[in-house]
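See below for the structure under consideration.
First listed ligand is number 1; within each ligand, the first listed atom is number 1. Because the structure is predicted, anything quoted here is derived from the model rather than measured. Both backbone and side-chain heavy atoms feed into the values below; hydrogens, waters and symmetry mates do not. Along the sequence shown, residues carry numbers from 1.
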Amino acid sequence: MRLHWTLRCSECADERAAEGLHGVCPSCGAPYLVRYASLPEPALRGALGIRVGGLWRWREWLPLREDEAPVSLGEGGTPLLSVPRLAARHGLPHLSVKDESLNPTGSFKARGLSAAVTRAVGAGASRFVVPTAGNAGVALAAYSARAGAVATVVAPRDTPPVILDQIRGFGAELELVDGHIGDCGTRARAVAASTGAVDVSTLREPYRIEGKKTLGLELAEQCAWSLPDVIVYPTGGGTGLIGMWKAFTELREAGWIQGPLPRMFTVQAEGCAPVVRAFAAGADRCEPWERPHTTAMGLRVPSPLGGRLMLRALRQSRGGAIAVSDDALQAAAGALHGLEGIDASPEGGAALAGAVALVAGGQVEPDERIVVFNTGAGWLYRP
Ligand SMILES: *Cc1c(COP(=O)(O)O)cnc(C)c1O
């Protein structure tokens, strides 16, 4: 049976059949994105409401054959929480938090890895490798176990110990590297070349983006098919940002939503802010950040492969990019805990601190509908 989607290079528009395994575009090195032959009819919105399950409720929007069972642990379907005490403290009456800490493996990485492992296993893969700042490694380890496959995770030696324990606990082979995720990527590509493992690095395969797209689909449904004004997203490799923007443009194209799309804002840490720097410079690509450092491990991505796609989404949406200090992001994570009972990761704290800074700087109005993402659970970062 032919697949109902193809792959299209995000730069040179090379288009090819999606059967089999695919890395980046062989002619220009840019990521492939999934392109569907047709998008679901708006009439499906009613049927969605009575379906159970998280991410794979959206299967018509996703790269899954009709007869195929996904590799799933119940990911997705996370709450969009109102946060009245934080809203009052900051004078932001329409602030809410999409709490991704409730996913299997404690972060929204579960969404992307569920989709990527499903597709690779469907194409016959039984061995995986990923370079990670931490959470992608936990998710790959769990979804590989779920698929009966073997995983190698390459992580920085200074990754929080709980995260490393989780990776080992799910049975992955763990390699520690003195360096950051970029250094881990070099090692992961060597592992892939020598073992034949499928490299599921951010945007080196096309399907993690599709899993992350469900962040945007869920948000649209939770907002009664009328999207918020502003999205504030803690950005590392950019899958969430690129995936959500893909969701919104596909939803509009399919006639599921009308009107303006949200303004997308990236938040990064001051110690590693390649997207913020490129956005401010008017550049269309990111230059590698020297000596990246931040306690928000997921944001320590000095040279994201998806830089061009992120910058495009930020500009097309009329959004922006802002950096916050580690002190500010930790304090904001503490406020999410203490004022609202949300187990925020440092990255989730960064999103909140970024939203507050964007309002203070006049880029966002206080009465706008603002959604910040708590991308992972705080317990993973305990010393
Ligand atoms: C990976 C990660 C991020 C960054 O996400 P991208 O989609 O790669 O930009 C943010 N927060 C947490 C907790 C993460 O694990």
Of the protein's non-hydrogen atoms, which lies at the shortest distance from [atom], and what is that distance?
atom	value
atom 12 (C) of ligand 1	T375 OG1, 3.3 Å
atom 8 (O) of ligand 1	G237 N, 3.0 Å
atom 6 (P) of ligand 1	G238 N, 3.3 Å
atom 1 (C) of ligand 1	K109 NZ, 1.3 Å

Which of the atoms of ligand 1 are close to [X], meaning less than 4.0 Å from one of its heavy atoms?
X	answer
N135	13 (C), 14 (C), 15 (O)
P234	4 (C), 10 (C)
Y233	5 (O), 6 (P), 7 (O), 9 (O)
K212	7 (O)

Mind checking whether [X] has an N or O less than 3.5 Å away from an N or O of ligand 1?
X	result
Y381	no
G298	no
F108	no
S107	no
L241	no
G240	yes

Salt-bridge present (E221, R51; N to O < 4.0 Å): no
Less than 4.0 angstrom from a charged side-chain N to a carboxylate O is my criterion; do E11 and R312 meet it? yes
Between V230 and Q363, is there a side-chain heavy-atom distance shorter than 4.5 Å? no
Against Y36, only a single residue in H4, E253, E210 fulfils side-chain hydrogen bond (donor to acceptor under 3.5 Å, both in side chains); can you say which? E210
Identified side-chain hydrogen bond (donor to acceptor under 3.5 Å, both in side chains) partner of T239 from the options R111, R208, K212: K212
Just heavy atoms, cut-off under 4.0 Å: does F373 contact ligand 1 by side chain, backbone, both, or neither? neither
For ligand 1, the portion of M297 having any non-hydrogen atom under 4.0 Å away: neither
So does G137 get a backbone contact from the side chain of K109, meaning a donor-acceptor N/O pair under 3.5 Å? no
Tell me, please: is T202 in heavy-atom contact with ligand 1, that is, under 4.0 Å? no
Check against side-chain hydrogen bond (donor to acceptor under 3.5 Å, both in side chains), T235 and Q268: CA-CA 6 Å; T235 306; Q268 299 198 295; 5.7 Å; no
Do the rings of F108 and Y233 sit parallel, tilted or perpendicular, given the 30° and 60° boundaries? tilted
Kindly indicate, with the supporting measurements, whether the criterion side chain to side chain contact (heavy atoms under 4.5 Å, CB included) is fulfilled by V34 and I209. CA-CA 9 Å; V34 171; I209 290 286; over 6 Å; no
Between the side chains of W56 and S114, does any donor sit under 3.5 Å from an acceptor? yes
Could you walk me through whether E205 and R119 satisfy the salt bridge (charged side-chain N to carboxylate O under 4.0 Å, His left out) test, starting with their C-alpha distance in whole Å, then the side-chain angles of each, then the deciding distance to 0.1 Å, before giving a yes or no? CA-CA 10 Å; E205 60 75 57; R119 280 279 39 84; over 6 Å; no
